[in-house]
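Please read the structure below before turning to the comments.
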2 protein chains.
Amino acid sequence: MATHTHPRQNLSDLTARLRQHAQRITGPRQLILEVLRREDHPLTARQIHGQLDCDLATVYRSLRLLEEMAMVKRFDFGDGTARFELLGQNDDGHHHHLVCRECSTVVEIGECFSGNLEQRIAREHGFADVSHRLEFFGLCPDCQTT
Amino acid sequence: MATHTHPRQNLSDLTARLRQHAQRITGPRQLILEVLRREDHPLTARQIHGQLDCDLATVYRSLRLLEEMAMVKRFDFGDGTARFELLGQNDDGHHHHLVCRECSTVVEIGECFSGNLEQRIAREHGFADVSHRLEFFGLCPDCQTT
DNA sequence: TTCTATTTGCAAATCATTTGCAATAAGGGG
DNA sequence: CCCCTTATTGCAAATGATTTGCAAATAGAA
Ligand SMILES: [Mn+2]
Ligand SMILES: [Mn+2]
Ligand SMILES: [Zn+2]
Ligand SMILES: [Zn+2]
């Protein structure tokens, strides 16, 4: 579920975190967070760019930085275009989506399978730091009637 | 797990299925299946091309056709490069992978979470034909020592 | 073997994303 | 508040995967 944290929170958080990284608090960086804060579904770099007034390359560069700072999370719906969602302060943003194969409608999914499946798989193959990426696809109510 | 079906099977299967689609049995199409048959992990178009003697575009075109014919399955490890695996005749190929974030080593995973999670999600949001895409990522035994 | 529709090779086009570089702006020190 | 150094931006060109147009090659039916 989209965690809608309070406006001020993200900006002061941004300020604080950027200071730690010894980087600058710029307009584009703040604006991207504001755009993301308004949405409850992940947006593409292009969609974000459409609501701003700066270069697309800057959007990509900022998103990458914000991702490294763990302020935004990148999702992959398998269509060759990355999507980004805002993260709350102590939120690792782990969740999934249900995407309509026809119209691309997105539903946020909070549930996940039991953690011991992942643990078992990790142990069984001797892997460490195992995580997963999971997305659901289907036909939304509207697109079924067609 | 990679289902290694018998050589002949895939070729005669190919022949039969291509006839149904009213398409031709060409060298590249057969060769791609042979290359895939030798591997137990998904290959990129480029990797397949490296073992053949035909144009990369032909590899892409053939893979797409074979995918539509349900003879190969496409996987997405989130690195912007599609990977393909051979499918057995009555196999929908649904399975997952555990990929090393460092060296890209791939482990085939047969397990999956309980089907009712997916059913519950589908029903809860009124979606039909729901499927999912799931991949695990971690550090393989070798890469942990670094 | 002949004929025609399908395929292939090759080059150019797409698309998302990244990168080089000169111009511009952020913010610490004075 | 002004300067100076350094990070950041805009713009254009580069990338890398994948697709596409088109003429030449070829599979398969007759
Ligand atoms: Mn989400
Ligand atoms: Mn596999
Ligand atoms: Zn839909
Ligand atoms: Zn590894």
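Numbers restart at 1 for each chain; the letters A, B, ... are given by sequence-line order, proteins then strands.
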B:Glu68 CD - D:dT19 C1' separation (whole Å): 14 Å
Separation of C:dA12 P from B:Asp55 CG (nearest whole Å): 13 Å
Selected nucleotide, minimal atom distance to B:Thr58 side chain, candidates C:dT6, C:dT17, C:dT8: C:dT8
Short side-chain donor-acceptor distance under 3.5 Å, B:Glu85 and B:His41: no
Rounded distance (Å) that lies between atom P of C:dA25 and atom CD of A:Gln30: 16 Å
Nucleotide D:dT18, atom P - distance to CG of B:Leu43 in whole Å: 13 Å
Closest-nucleotide 5' rank along DNA chain D - winner of B:Gly80 and B:Gly27: B:Gly80
Between C:dT24 (P) and A:Arg24 (CZ): distance, integer Å: 16 Å
Touch class at under 4.0 angstrom, heavy-atom based, for A:Ala57 against every strand present: base
Donor-acceptor pair under 3.5 Å, B:Arg61 side chain vs C:dG9 base: yes
Aromatic ring proximity A:His96/B:His132, centre distance under 6.0 Å: no
Test item: side-chain donor near acceptor, B:Arg83 and B:Gln47, under 3.5 Å: no
N or O in side chain of A:Tyr60 less than 4.0 angstrom from C:dT18 OP1/OP2: no
Whole-Å distance separating the CG atom of B:Leu65 from the C1' atom of D:dT18: 16 Å
Flag for B:Arg38-B:Gln51: side-chain donor and acceptor within less than 3.5 Å: yes
Residue B:Gln23, side-chain atoms from C-beta onward, closest of C:dT8, C:dG9, C:dT7: C:dT7
Interatomic distance, B:Leu63 CG vs D:dT18 P [rounded to whole Å]: 10 Å
Touch class at under 4.0 angstrom, heavy-atom based, for B:Arg46 against every strand present: sugar-phosphate
Short side-chain N/O contact from A:Arg64 to OP1 or OP2 of C:dT18, under 4.0 Å: yes
Evaluation steps, side-chain hydrogen bond (donor to acceptor under 3.5 Å, both in side chains), between A:Ser131 and B:Arg101: CA-CA 10 Å; A:Ser131 62; B:Arg101 276 188 286 261; 3.2 Å; yes
Out of C:dT8, C:dC10, D:dT9, whichever nucleotide has its closest atom nearest the side chain of B:Arg29: C:dT8
Nearest-angstrom distance from the residue atom CG of B:Asp79 to C1' of D:dT15: 15 Å
A:Thr26 side-chain N/O to D:dT9 phosphate OP1/OP2 under 4.0 Å: yes
Minimum-distance nucleotide to B:Thr81 side chain [options: D:dT18, C:dT7, D:dT9]: D:dT18
